[in-house]
Asks: 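Input: one structure, supplied below.
Note that the coordinates shown come from a computational prediction; the quantities given were computed from them, not determined experimentally.
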Amino acid sequence: MRTQSTPGIDDAGATDHPSRSDGFVRGVSGIIGGPLGDHATALNRPAGGERRFWTAVRIVLALACLTLALHWVQKSPCQDGAWQKNEQYTKFCYTDVLALYYAEGLNEGKVPYRDHPVEYPVLTGYFMGALGLPVHALGDDDPSINQGQWFYNLNALVLGALAVATVAVILTLRRRRPWDAALFALAPALLLTATVNWDLLAIGLAAFGLLAWARKRPGLAGVLLGLAGAAKLWPLFLLGPILVLALRAARLRAALVTTGTAIAALVLVNLPAARAYPENWDRFFELNTTRPIDWGTLWYIGRYLDGKVGGDPARLGPFEWLNVNIPTLNTLSYALFGLACLGVAVLALRAPRRPRLAPLAFLVVAAFLIFSKVWSQQFVLWLLPLAVLARPKWGAFLAWQIAEVCYFVAFYGELLGAATSRPVFPEGVFVLASTLRLATVVVLCVLVVKEILHPERDAVRTIYSDDPDGGVLDGAPDAPWIDRWRRPAVSDTSRELATS
């Protein structure tokens with residue numbers, strides 16, 4: 001007698017097929033003939049069965065390469081650096097990578113931190129110098145080459161390789177759900193923002209850090225997460241969920257090893273620049289401390305509403321007041337993020353089943369973006385791999401991506417309006433796009449929380465018994481005190497009534 005299987009799971013290979021298991025994909029698949037049939041599953045046949053070159057893994061990797069190639073084409077009008085008539089905005093091809101080659105003095109052979117302050121954490125500065133200084137030396141030997149274009153293309157090649165490596169990590173972590181990685185590979189946000197800045201450096205290192213943790217190598221995981229945090233600070237936030245989950249599972253030793261090695265790697269990478277050139281090294285922290293409310297943030301939306309619902313124009317609204325009083329803005333932003341992290345910790349400890357690592361990591365990084373006073377266009381890349389690992393469902397993911405595309409277009413309209421002093425869109429259009437982006441991230445957070453509270457709805461747990469990213473946490477029982485802490489103590493009288 002054939003046992004009933006989970007919809008979307010191939011019994012032979014225990015592989016998920018989204019056209020069967022994902023409601024959104026199943027509906028859309030009707031356009032091309034409906035869900036995948038039994039005779040079409042040769043893509044995932046077990047060892048010894050019929051082999052085909054185009055396996056799911058190879059298809060997803062090819063899609064990632066295609067997306068990155070299209071991104072390079074989309075940025076190509078700006079590669080020569082001869083930006084005229086604001087074509088970097090009208091053609092949506094602006095990139096910090098090219099602009100900062102000149103702004104940071106790399107075209108003059110200046111060494112980051114030694115000769116020029118850098119507005120990014122040290123590993124990003126080192127990375128800029130490691131690629132930029134050889135290009136400058138080559139340009140000195142051959143003045144005919146366009147140094148900026150060479151620098152951009154070299155960065156695009158390395159950052160693209162890191163993006164493909166991130167896809168490979170997702171595929172490794174989801175061997176039974178290879179199509180989940182297609183969410184990352186085909187994401188419009190990746191197509192539009194992959195090389196706007198150097199964020200893929202931190203993303204690639206963080207992805208390998210998560211893979212090391214999943215492979216029960218906490219020391220290596222810490223080193224990689226520490227290096228990622230030295231490129232962009234957000235990967236350090238992943239240590240919080242690791243510690244909380246380890247506390248619930250009584251596996252604190254591994255989590256402390258990861259945290260300790262991450263801090264050690266972070267300090268060792270920062271130390272040379274911090275000791276030798278403290279003022280130039282401090283530029284990143286100074287800038288983030290003193291900058292006011294940036295475009296597209298929650299606080300920016302509030303400033304717009306101040307002007308619409310305020311009474312006396314001579315009086316500052318609350319958000320405009322925060323924009324003037326930046327120390328208070330910083331304190332409030334950090335406090336809200338801290339409260340959100342505390343909420344995630346409580347959720348992790350009180351959930352009916354210990355949550356997976358990826359959903360908690362997604363919630364923490366999303367909370368940082370929601371309450372931050374800066375939310376640059378490429379920051380969406382931070383959430384992409386975490387969203388795929390946390391909630392690999394296409395419907396809400398695509399709604400979020402559409403909102404990001406709308407914001408991308410509105411953002412470039414805002415840039416062009418600022419450059420020409422002639423607004424492209426009414427300010428309300430940009431605020432609406434910012435609100436939609438914020439709202440879709442919040443909706444994703446709500447959906448993730450619901451699945452934590454109702455683990456039977458978790459798509460990953462329909463095929464994995466616990467947490468494929470959990471490492472030492474995967475399959476581990478909760479600490480004995482968890483049940484006592486989660487449930488209020490029952491008085492003797494109540495217990496007697498319940499048993500009578």
Asks: Classify the ring geometry of Tyr89 against Tyr94: parallel below 30°, tilted from 30° to 60°, perpendicular beyond 60°.
Replies: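 Tilted, since the angle between the ring planes falls between 30° and 60°.
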Asks: Over all heavy atoms of both residues, which pair between Ala207 and Val169 is shortest? Give the atoms and the distance, please.
Replies: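 So the two residues come closest at O-CG1, 3.5 Å.
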Asks: Do any N or O atoms from the side chain of Thr193 and from the backbone of Leu190 form a donor-acceptor pair under 3.5 angstrom?
Replies: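 Checked: no pair found.
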Asks: Mind checking ring pair (Phe, Tyr, Trp, His ring centres under 6.0 Å) for Phe285 and listing every partner two or more places apart, or none if nothing turns up?
Replies: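 Counting only residues at least two positions away or on another chain, Phe285 forms a ring pair (Phe, Tyr, Trp, His ring centres under 6.0 Å) with Trp281.
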Asks: Using only atom types and a distance under 3.5 Å, with no angle test, would you say the side chain of Ser376 pairs donor to acceptor with the backbone of Gln378?
Replies: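 No; judged by distance alone, with no hydrogens or angles, the pair does not exist.
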Asks: Quiz question: by atom type and distance under 3.5 Å, do the side chains of Asp474 and Tyr464 form a donor-acceptor pair?
Replies: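 Checked: Asp474/Tyr464 side chains show no N/O donor-acceptor pair below 3.5 Å.
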Asks: Report, as yes or no, whether the 6.0 Å neighbourhood of atom CZ on Arg217 holds more than 12 heavy atoms from other residues, nucleotides or ligands.
Replies: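 12 or below, so no.
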Asks: Could you check whether any side-chain heavy atom of Val380 comes within less than 4.5 Å of a side-chain heavy atom of Phe408, counting everything from C-beta outward?
Replies: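 Counting from C-beta outward, Val380 and Phe408 never come under 4.5 Å.
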Asks: Sort out for me which residue in Lys450, Arg356, Arg353 forms a side chain to side chain donor-acceptor pair (under 3.5 Å) with Asp458.
Replies: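 Of the listed residues Lys450, Arg356, Arg353, the side chain to side chain donor-acceptor pair (under 3.5 Å) partner of Asp458 is Arg356.
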Asks: Side chain of Trp213, backbone of Gly470: donor and acceptor closer than 3.5 Å?
Replies: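 Answer holds: yes.
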Asks: Counting distance only, does the side-chain N/O of Arg391 pair as donor-acceptor with the main-chain N or O of Glu451 below 3.5 Å?
Replies: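 Side chain of Arg391 to backbone of Glu451: no pair is present.
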Asks: I'd like a table of donor-acceptor pairs (distance under 3.5 Å, sequence neighbours excluded) in which one partner is a side-chain atom from residues 57-71, with atom names and distances.
Replies:
unit_1	atom_1	unit_2	atom_2	d
Arg58	NH1	Phe53	O	2.9
Thr67	OG1	Leu63	O	3.0
Thr67	OG1	Ala185	O	2.6
His71	ND1	Leu191	O	2.6
His71	NE2	Thr195	N	3.1
His71	NE2	Thr195	OG1	2.6

Asks: Between Trp375 and Arg437, is there a cation-pi geometry (under 6.0 Å to ring centre, at most 45° from the normal)?
Replies: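 The answer is yes, since Arg437 meets both limits relative to Trp375.
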Asks: Checking the side chain of Arg461 only, and the main-chain atoms of Glu456 only, is there a donor and an acceptor separated by less than 3.5 Å?
Replies: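 Judged by distance alone, no pair lies under 3.5 Å.
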Asks: So, does Glu404 use its side chain to make a donor-acceptor pair with the main chain of Ala187 at under 3.5 Å?
Replies: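 Pair absent, no side-chain N/O of Glu404 close to backbone of Ala187.
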Asks: Would you say the rings of Tyr300 and Phe430 are close, in the sense that their centroids are separated by under 6.0 Å?
Replies: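 Ring-ring flag for Phe430/Tyr300: true, centres closer than 6.0 Å.
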Asks: Could you tell me whether the side chains of Asp294 and Trp299 share a donor-acceptor contact shorter than 3.5 Å?
Replies: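 No.
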Asks: Identify whether the distance between the nearest side-chain nitrogen and carboxylate oxygen of Asp180 and Lys393 falls below 4.0 Å.
Replies: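 Looking at Asp180 and Lys393, the cut-off is not met.
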Asks: Thr124 side chain to Ala231 main-chain N or O, any donor-acceptor pair under 3.5 Å?
Replies: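 Yes; judged by distance alone, with no hydrogens or angles, the pair exists.
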Asks: Is the count of non-hydrogen atoms from other residues, nucleotides or ligands lying under 6.0 Å from Arg215 atom CZ greater than 12?
Replies: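 More than 12 within 6.0 Å, yes.
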Asks: Aromatic contact between Phe397 and Trp400, with the criterion being ring centroids under 6.0 Å apart: yes or no?
Replies: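 Here the rings of Trp400 and Phe397 have centres that are less than 6.0 Å from each other.
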Asks: Give me the atom names and distance for the closest heavy-atom approach of Ala410 to Phe425.
Replies: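 So the two residues come closest at CA-CE1, 4.0 Å.
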Asks: Does either side chain, that of Asn153 or that of Lys75, offer a donor lying less than 3.5 Å from an acceptor on the other one?
Replies: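 Looking only at side-chain atoms, Lys75 and Asn153 do not form any donor-acceptor pair under 3.5 Å.
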Asks: Between Gly413 and Val424, what is the shortest heavy-atom contact and its length?
Replies: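 Scanning both residues, the minimum pair turns out to be O-CG2, 3.5 Å.
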Asks: Would you say the side-chain atoms of Trp382 and Asp199 include a donor-acceptor pair closer than 3.5 Å?
Replies: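 There is such a pair (donor and acceptor under 3.5 Å, judged by atom type) between the side chains of Trp382 and Asp199.
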Asks: I'd like to know if the side chain of Ser372 reaches the main chain of Leu369, judged simply by a donor and an acceptor atom lying under 3.5 Å from each other, with no hydrogens or angles considered.
Replies: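 A pair under 3.5 Å: no.
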Asks: To the nearest 0.5 angstrom, please state how far the CD1 atom of Ile463 sits from the CZ atom of Arg175.
Replies: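 Between Ile463 CD1 and Arg175 CZ, I get 13.0 Å after rounding to 0.5 Å.
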Asks: So, does Lys373 use its side chain to make a donor-acceptor pair with the main chain of Asn288 at under 3.5 Å?
Replies: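 Such a contact is found between Lys373 side chain and Asn288 backbone.
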Asks: Grab the two heavy atoms, one from Arg174 and one from Leu389, that are nearest each other, plus how far apart they are.
Replies: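 Minimum heavy-atom separation between Arg174 and Leu389: NH2-O, 3.0 Å.
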Asks: Between Phe371 and Phe337, does the ring centre distance come in under 6.0 Å?
Replies: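 Between Phe371 and Phe337, the centre distance exceeds or equals 6.0 Å.
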Asks: Any side-chain heavy-atom pair from Val97 and Asn197 closer than 4.5 angstrom?
Replies: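 No, every pair of side-chain atoms sits at 4.5 Å or beyond.
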Asks: If you compare all heavy atoms of Val460 against all heavy atoms of Arg177, which two are closest, and at what distance to 0.1 Å?
Replies: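 Shortest heavy-atom contact: CA-CD, 4.2 Å.
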Asks: Write down the atom of Ala214, the atom of Pro468, and the distance for their closest heavy-atom approach.
Replies: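 Scanning both residues completely, I find the closest heavy atoms to be CB-O, 3.7 Å.
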